[in-house]
2 protein chains.
Amino acid sequence: MGTTRREEILDAAMDLFAEHGYRGASLDQIAERVGLTRQGLLHYFPSKKKLLIALLERREELSREHLVADHIVEKDWPTQIAEVVAFDREHPALARIHTILMAESLTEGHPAREHFRDHQRAVREHIARLLTERYGDRLPSGLTTQAAAVALLALLDGLQQQWLLDREQVDHPEVMREVWAILLGPAAP
Amino acid sequence: MGTTRREEILDAAMDLFAEHGYRGASLDQIAERVGLTRQGLLHYFPSKKKLLIALLERREELSREHLVADHIVEKDWPTQIAEVVAFDREHPALARIHTILMAESLTEGHPAREHFRDHQRAVREHIARLLTERYGDRLPSGLTTQAAAVALLALLDGLQQQWLLDREQVDHPEVMREVWAILLGPAAP
DNA sequence: GTCTATAAGCGGATAGAC
DNA sequence: GTCTATCCGCTTATAGAC
């Protein structure tokens, strides 16, 4: 297997942070998962915080191609965005780690706070730019592109969180498709 | 002052859980805030978990009147809902504790998990019922009332979270007003 | 009611052997 | 590279004195 030790550790950390959060997961748990002791792990990442930062950077690489290149840029917005929601469901760990750590980073003194704040700003501006290029200052529905970007982001995160809290009957990709179709307006896509 | 010792403790716990989360806040910090030792505090709430449960029940009482009775039931939906968002901003601790603890409860083995799952179901059904009473199966925009309830909840939580992460330029109550006006449809309210 | 004392555990991190 | 040993801090919780 060509996977390096560092990558194995990052994989394990991703799973455990996704389940228990950064604070809730211990270095012992992560080390055990890859067949190491806590001290052996610390040889690769000198502190828990450094491990977290490395993990966040890697996660961003992994999801960038899917979220941006493969889906959002294409043409049928409502279904494409619904596919993003569906994609999240097919890669639970990847979506979960984002939701869990972003939420945890809202607490005081969390090491990932800045990362998520910057990430959110970048995504919001990216979406706003795409919308403006296509529709100008307002969508066909009359909604400001700025407001649309904010709302889209809130919906993505809110739906994902709702689903993690209670994997119930509601078909969230479908909700996303319906809502976004109406928010875009009659002339969409 | 007529406030009982238990209530003082609950107030302090609310502030500290809101800032650091349940896991991040310690009994020592809470006790110090009310001028007690950790052991003195444990006389009123025999465990940290019991304290959390008592706090969640009290929080629900406090917000019920504002969120349900004072706002949502009245007539101009878009602005009323915008006021809910604005209300959250005027009572940061109350809104923050909800967002922070709900998010934290998504992690494995969190003592508040069931509480928030049940709470979310109840609110979603409540909103769906109100919408159905007024509009039937679909809003004037054509959106399913079920989907509308899900989306409204996701938007409320998503916007609040976005705002906590980055208190920036965007006027979230206004975003909520615009978005909800479009989701309701042309014949609103 | 509130305290002191103490138990008992887990967390992250370091030093140094192999 | 990976381990053993160890430190130190912080946490929750209990026992019992006043």
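The model shown is predicted, which means the values in this text are computed figures rather than measured ones. Sequence lines set the chain letters: A, B, ... in the order given, protein chains first and strands last, and positions in each chain run from 1.
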Chemist: What are the bounds, 5' to 3', of the part of DNA chain C that sits under 4.0 Å from heavy atoms of chain A?
Modeler: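 Answer, 5' to 3': C:dG11 to C:dT14.
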
Chemist: Which residue pairs pass the ring pair (Phe, Tyr, Trp, His ring centres under 6.0 Å) test with at least one member in residues 11-41 of chain B, sequence neighbours excluded?
Modeler: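 Found B:Phe17-B:Tyr22, B:Tyr22-B:His110.
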
Chemist: Does A:Thr4 reach the main-chain N or O of A:Arg6 with its side chain, forming a donor-acceptor pair under 3.5 Å?
Modeler: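 A pair under 3.5 Å: yes.
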
Chemist: Would you tell me whether A:Thr107 and A:Arg23 have side-chain atoms, one donor and one acceptor, within less than 3.5 Å of each other?
Modeler: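 The criterion, which ignores hydrogens and geometry beyond distance, is satisfied for A:Arg23 and A:Thr107.
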
Chemist: Expressed as a whole number of angstroms, how long is the span from B:Gln29:CD to D:dG9:P?
Modeler: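 After rounding, the gap between these two atoms is 17 Å.
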
Chemist: Between B:His43 (NE2) and D:dT12 (C1'), how many Å, whole number?
Modeler: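 Nearest whole value for this atom pair: 18 Å.
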
Chemist: Quick one: stems involving DNA chain D, counted as three or more successive Watson-Crick or G-U pairs, both distances short of 3.5 Å.
Modeler: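 Stem list for DNA chain D: C:1-10 with D:9-18, C:12-18 with D:1-7.
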
Chemist: Rounded to whole angstrom units, what separation is found between the NZ atom of B:Lys50 and the P atom of D:dT12?
Modeler: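 In whole Å, D:dT12 P lies 16 Å from B:Lys50 NZ.
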
Chemist: List for me each residue that meets salt bridge (Lys or Arg N to Asp or Glu O under 4.0 Å) alongside B:Arg113, sequence neighbours excluded, and say none if there are none.
Modeler: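 Partners of B:Arg113 by the salt bridge (Lys or Arg N to Asp or Glu O under 4.0 Å) criterion come out as none, since no residue qualifies.
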
Chemist: Measure from NZ or CZ of A:Arg177 to the centre of the six-membered ring of A:Trp180 and say whether it is under 6.0 Å with the direction within 45° of the ring axis.
Modeler: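 No - A:Arg177 does not lie over the ring of A:Trp180 by the 6.0 Å and 45° rule.
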
Chemist: Nearest 0.5 Å please: distance from the OG1 atom of B:Thr37 over to the CG atom of B:Leu41.
Modeler: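 Answer for the OG1-CG pair, B:Thr37 versus B:Leu41, is 8.0 Å.
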
Chemist: Atom CD of residue position B:Glu90 - does it have more than 12 heavy atoms of other residues, nucleotides or ligands inside 6.0 Å?
Modeler: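 Yes, because the 6.0 Å sphere around CD of B:Glu90 holds more than 12 heavy atoms from other groups.
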
Chemist: Carefully, step by step, assess A:Gln162 and B:Arg124 under the rule side-chain hydrogen bond (donor to acceptor under 3.5 Å, both in side chains).
Modeler: CA-CA 11 Å; A:Gln162 219 174 111; B:Arg124 194 167 47 215; 3.1 Å; yes

Chemist: With sugar-phosphate meaning primed atoms plus P, OP1 and OP2, does A:Ala31 contact a base, only sugar-phosphate, or nothing at under 4.0 Å between heavy atoms?
Modeler: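 Counting heavy atoms under 4.0 Å across all strands, no contact is made by A:Ala31.
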
Chemist: Taking side chain to side chain donor-acceptor pair (under 3.5 Å) as the cut-off, I'd like each qualifying pair that reaches into residues 47-58 of chain B, sequence neighbours left out, listed once.
Modeler: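 Pairs touching residues 47-58 of chain B that pass the test: B:Asp11-B:Arg58.
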
Chemist: If you find the nucleotide of DNA chain C closest to B:Tyr44 and the one closest to A:Ser26, which residue's nucleotide is nearer the 5' end?
Modeler: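 Result: B:Tyr44.
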
Chemist: Hey, is B:Arg117 close enough to A:Asp166 for a salt bridge, meaning N to O under 4.0 Å?
Modeler: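 Salt bridge: no.
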
Chemist: In whole angstroms, how far is the P atom of D:dT12 from the CG atom of B:Leu52?
Modeler: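 That distance rounds to 12 Å.
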
Chemist: Nearest whole Å is fine: how far is D:dT4 C1' from A:Asp28 CG?
Modeler: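 Interatomic distance, CG of A:Asp28 to C1' of D:dT4: 14 Å.
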
Chemist: At a cut-off of 3.5 Å, list every protein nitrogen or oxygen paired with a nitrogen or oxygen from nucleotides 13-15 of chain D, distance to 0.1 Å.
Modeler:
from	atom 1	to	atom 2	distance (Å)
D:dA13	OP2	B:Lys48	N	3.0
D:dA13	N6	B:Arg38	NH2	2.8

Chemist: Shortest non-hydrogen contact from B:Thr145 to B:Arg138?
Modeler: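 Shortest heavy-atom separation between B:Thr145 and B:Arg138 comes out as CG2-N, 4.2 Å.
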
